[in-house]
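Below is one structure, written out as structure tokens, with a few remarks after it.
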Amino acid sequence: MNYDEMMKKVSGKEILSRRDALKMMALSPVAASVLASAGAPAALDASASNAKGRVVIVGGGAGALMVLARLRRALSRPDITIIAPNEKHIYQPGQIFVAAGEYAPEDIIFDNTGYIGDDTTWIKDEVSSFDPDKNKLTTKAGKVVEYDYLVVATGAQYHYEHIQGLTVDMIGKNGISSVYLNDLAAGTAEGGTITRNWFLELKEAAKTSTPRVLCTQPSTPLKCGGVPQKILYLSDDFLRLDELTASFTFATAGEKLFSIPEIDEAIQKVQQGYGNITNKFGHDLIAIDPEKKVATFLHKYEEQGKYDEEFKEYEMIDKEEHVMIEYDFIHISPPTTAVDAVVNSPLAWQKGTAKGWLEVDRITLQHRRYKNVYGIGDVCGIPIAKTGGSARHQAPVVVQNLIAVMEGKVPKGEYDGYTVCPLKTSYGEIIMAEFNYDGLAPSFSLDPAKPRWIWWAFDLYLLKPMYRYLMLNGLM
Ligand SMILES: Cc1cc2nc3c(=O)[nH]c(=O)nc-3n(C[C@H](O)[C@H](O)[C@H](O)COP(=O)(O)OP(=O)(O)OC[C@H]3O[C@@H](n4cnc5c(N)ncnc54)[C@H](O)[C@@H]3O)c2cc1C
């Protein structure tokens with residue numbers, strides 16, 4: 001089905017014609033520059049600082065490249081080393097559009113080399129251990145690198161192996177999918193293609209039966225925590241476009257659909273519109289039997305106990321049980337931690353809910369104990385969603401504060417916790433959930449809880465070129 005046919009099928013919706021979409025694409029540099037000035041903190045002036053010192057950036061993803069570009073511009077004599085294994089850069093948000101059939105797999109893979117200039121030393125390796133007390137680190141190949149200032153941008157690490165019975169090579173077989181799957185070091189992103197095939201197999205099955213579809217969300221933080229629901233709604237709508245259906249279960253370790261009440265309420269309405277989705281809250285996937293197609297969850301819940309005369313309320317007792325759910329198709333979102341080198345280092349939070357993630361101050365992004373260390377992106381142990389949108393707003397703060405420290409000044413840049421989840425509620429519509437530490441933070445004066453075609457068009461046609469040409473070059 002081509003674009004226009006698909007859009008025509010979405011009856012009764014305000015939709016974008018191909019002509020309008022193309023117009024928007026042509027306008028994208030203009031729109032991008034307008035958007036660049038909306039909401040994102042400004043870049044530092046070119047070569048504004050004569051600060052000196054050896055800066056090492058660890059990682060080669062969104063956060064690392066944004067900081068690198070801004071630092072190269074802001075320092076008159078940059079002395080920067082980047083330690084990153086990947087010559088290819090994955091536009092990870094695009095994995096969803098590959099699954100949806102809107103992008104080809106190659107559309108989301110860029111060359112990393114263009115972002116790392118000749119004035120930067122590039123060590124194509126991974127860090128195996130950090131020694132922040134001695135201002136040095138060691139790479140997997142055994143190279144010891146000393147620094148004066150360190151920026152940690154190593155992202156997050158999947159743990160499919162934490163689900164008993166599951167190995168990565170099972171994903172893509174027997175009705176199992178995971179759009180998240182990628183190997184950033186190798187520059188590959190199979191999750192999109194595997195989930196595309198999963199959509200197609202699901203549609204074939206729905207022609208002769210009512211398949212049972214299970215979408216899961218773990219108890220750990222996730223890259224873009226809206227992804228499990230994006231797959232839920234897109235796969236449901238993918239069937240609906242051909243007047244087919246299935247029975248969908250969303251099993252999440254969480255207790256609600258979205259952390260922001262206004263968005264949570266809007267999603268409940270979206271689900272009512274589908275009419276074939278059952279939510280299982282407090283359900284954490286712990287095991288899978290791929291042959292029998294049974295998933296086992298640890299279900300945590302509270303049970304009402306005795307009435308407490310003293311406090312005039314019922315005692316609530318924590319309970320847990322194992323719940324088994326049969327499925328025909330399962331989409332798994334993996335348990336996630338920081339990468340091993342961070343988890344096992346003194347740089348990580350040593351206790352608390354962020355244990356294992358980088359211990360940075362949530363406003364300044366400076367390490368709370370090692371003041372010459374900064375963090376950006378998914379690795380940060382701060383109470384906000386892990387998205388590229390967060391990294392975009394963190395980059396100018398990290399650079400401003402790092403340069404302040406290099407100049408012997410007090411870091412004054414503040415990150416307000418901005419993040420964004422473009423929640424695809426159907427083909428052609430997105431709820432653009434922008435929020436920060438204080439709650440909703442929309443960039444535009446539109447009701448943020450409403451699914452809109454304009455956000456679909458923006459995400460599908462504008463965001464990728466903006467990411468590739470502006471954000472990664474530190475221009476927005
Ligand atoms: C399916 C999917 C959909 C998403 N959708 C959205 C969305 O719609 N909107 C949005 O804003 N965000 C979205 N995200 C999240 C977004 O991609 C990430 O938040 C963003 O890439 C984080 O940037 P980062 O630099 O922290 O980590 P990454 O971009 O993941 O980069 C980490 C880098 O560190 C390197 N690395 C890892 N370990 C080491 C080591 N030991 N030594 C050296 N280098 C190392 C890796 O090779 C990689 O280059 C999505 C992600 C996925 C997977």
Side-chain angles (χ1 to χ4, degrees), residues 56-68 81-100 108 112 115-116 122-130 137-141 145 151-158 178-192 195 221-228 230-231 331 333-334 336 338-345 357-358 375-380 384-395 398 418-424 430 432-434 455 458-460 463-464 466-467 471-472:
V56 171
I57 301 172
V58 184
L65 296 184
M66 290 177 198
V67 165
L68 175 64
T81 297
I82 186 164
I83 305 176
N86 50 307
E87 292 193 350
K88 297 286 174 200
H89 182 97
I90 308 293
Y91 175 57
Q92 298 175 67
Q95 289 177 227
I96 298 286
F97 280 134
V98 174
I108 62 167
N112 234 3
Y115 298 107
I116 301 173
W122 183 1
I123 300 174
K124 289 183 193 171
D125 197 356
E126 291 186 54
V127 170
S128 59
S129 64
F130 292 95
L137 53 82
T138 308
T139 71
K140 281 194 176 159
V145 180
V151 179
V152 184
T154 45
Q157 180 178 334
Y158 303 141
S178 181
V179 75
Y180 277 101
L181 197 62
N182 56 25
D183 181 342
L184 298 178
T188 58
E190 309 89 328
T195 308
L222 263 182
K223 300 190 206 198
C224 190
V227 165
K230 294 180 194 176
I231 295 300
H331 180 271
S333 300
T336 304
V339 302
D340 290 343
V342 171
V343 174
N344 301 326
S345 82
W357 299 93
L358 192 71
I376 181 167
D378 295 350
V379 71
C380 295
I384 201 69
K386 300 185 182 303
T387 70
S390 310
R392 179 169 83 86
H393 278 243
Q394 291 163 0
V398 167
Y418 175 91
T419 192
V420 57
C421 174
L423 193 63
K424 288 129 184 101
I430 280 178
M432 191 60 83
E434 293 178 281
W455 295 136
F458 172 74
D459 195 358
L460 184 60
L463 213 49
K464 183 157 64 78
M466 283 164 66
Y467 176 89
M471 295 181 204
L472 293 187

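We count ligands from 1, going down the list as the structure has it; atoms in each ligand are counted the same way.
Between Gly389 and ligand 1, an N or O atom pair is found at a separation short of 3.5 Å. Backbone and side-chain nitrogen or oxygen atoms of Gly61 are examined, and one is located within less than 3.5 angstrom of a nitrogen or oxygen of ligand 1. Checking only distances, Val127 does come within under 3.5 Å of ligand 1, N or O to N or O. Distances between N or O atoms of Tyr467 and those of ligand 1 include no value under 3.5 Å. Taking distance alone, with nitrogen or oxygen atoms compared against 3.5 Å, Gly60 approaches ligand 1 more closely than that limit. Polar contact check, Ala156 against ligand 1: no nitrogen or oxygen pair lies under 3.5 Å apart.
Atom 46 (C) of ligand 1 has Leu184 CB, 4.1 Å as its closest protein atom, hydrogens excluded (heavy atom only). In terms of protein heavy-atom proximity, atom 4 (C) of ligand 1 is nearest to Pro93 CA, 3.5 Å. Nearest protein neighbour of atom 14 (N) of ligand 1, counting heavy atoms only, is Cys224 CB, 3.6 Å. The closest protein non-hydrogen atom to atom 23 (O) of ligand 1 is Ala62 CB, 3.6 Å. The protein atom (non-hydrogen) at minimum distance from atom 27 (O) of ligand 1 is Gly155 CA, 3.5 Å. Counting protein heavy atoms only, atom 16 (C) of ligand 1 is closest to Gly388 N, 3.5 Å.
Within the model, atoms CD1 of Ile108 and CG of Asn182 stand 8.0 Å from one another, a figure rounded to the nearest 0.5 Å. Separation of atoms CE (Met66) and CE (Met471) is listed at 6.5 Å; rounding is to 0.5 Å. How far CZ of Arg392 is from CD1 of Ile376: 11.5 Å, rounded to the nearest 0.5 Å.
Remark: the backbone N or O of Ala186 is paired with a side-chain donor or acceptor of Asp183 at under 3.5 angstrom. Listed for the Trp122 side chain is a donor-acceptor partner under 3.5 Å among the backbone atoms of Ala84. In terms of modelled atom types and a separation under 3.5 Å, the side chain of His331 and the main chain of Pro228 share no donor-acceptor contact. Side-chain atoms of Lys386 come within 3.5 Å of backbone atoms of Asp378 as a donor-acceptor pair (strictly under, hydrogens ignored). Looking at Gln157, its side chain does come within 3.5 Å of a backbone N or O of Asp340 through a donor-acceptor pair. For Ser390 (side chain) and Ala385 (main-chain N/O), a donor-acceptor pair under 3.5 Å exists by modelled atom type.
Here is the list of ligand 1 atoms found below 4.0 Å of a heavy atom in Gly377: 26 (O). Each of the atoms 7 (C), 8 (O), 9 (N) of ligand 1 lies under 4.0 Å from some heavy atom of Pro422. Within the listing of ligand 1, atoms 42 (N), 43 (C) sit less than 4.0 angstrom from a heavy atom of Val58. Which parts of ligand 1 touch Gly63 is read off a 4.0 Å heavy-atom cut-off, strictly below it: atoms 23 (O), 24 (P), 25 (O). Per-residue contacts place Ile83 under 4.0 angstrom from the following atoms of ligand 1 (heavy atoms of the residue considered): 43 (C), 44 (N). Atoms of ligand 1 found under 4.0 Å from any heavy atom of Asn86, numbered from 1 in the order shown, are 47 (O), 49 (O).
Between Met432 and Cys421 there is no side-chain heavy-atom pair separated by less than 4.5 Å.
Of all the heavy atoms of Val227, the ones lying under 4.0 Å from any atom of ligand 1 belong exclusively to the side chain. Residue contacts with ligand 1 for Ala153 involve N, CA, C or O but no side-chain atom from C-beta outward (heavy atoms, distance under 4.0 Å). By the criterion of a heavy-atom distance under 4.0 Å, the side chain of Pro85, and not its backbone, is placed next to ligand 1.
Judged by the shortest distance from any of its heavy atoms, Tyr158 lies inside the 4.0 Å radius around the atoms of ligand 1. Lys230 counts as a contact of ligand 1, since one of its heavy atoms falls under 4.0 Å from the ligand.
Here the closest non-hydrogen pair linking Cys380 and Gly375 is SG-C, 3.5 Å. The shortest heavy-atom contact between Val343 and Ala338 is CG2-O, 3.3 Å.
For atom 38 (N) of ligand 1, the nearest non-hydrogen atom from the set Leu181, Ile376, Val339 belongs to Val339. Taking all heavy atoms of Leu65, Asp125, Asp378 into account, the minimum distance to atom 20 (C) of ligand 1 is reached by Asp378. If you check each of His89, Lys424, Gln92 against atom 1 (C) of ligand 1, the one with the closest non-hydrogen atom is Gln92. Around atom 39 (C) of ligand 1, the closest heavy atom drawn from Asp340, Ile82, Thr154 belongs to Thr154.
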>> Apply salt bridge (charged side-chain N to carboxylate O under 4.0 Å, His left out) to residues Lys464 and Asp459 and explain how you reach the verdict.
In response: CA-CA 7 Å; Lys464 183 157 64 78; Asp459 195 358; over 6 Å; no

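In summary, of the residues considered (Val127, Asp125, Leu137), a side chain to side chain contact (heavy atoms under 4.5 Å, CB included) with Val145 occurs for Leu137 alone.
There is no side-chain donor-acceptor pair under 3.5 Å between Tyr180 and Gln95. A donor and an acceptor atom, one from each side chain of Thr387 and Thr419, are located under 3.5 Å apart.
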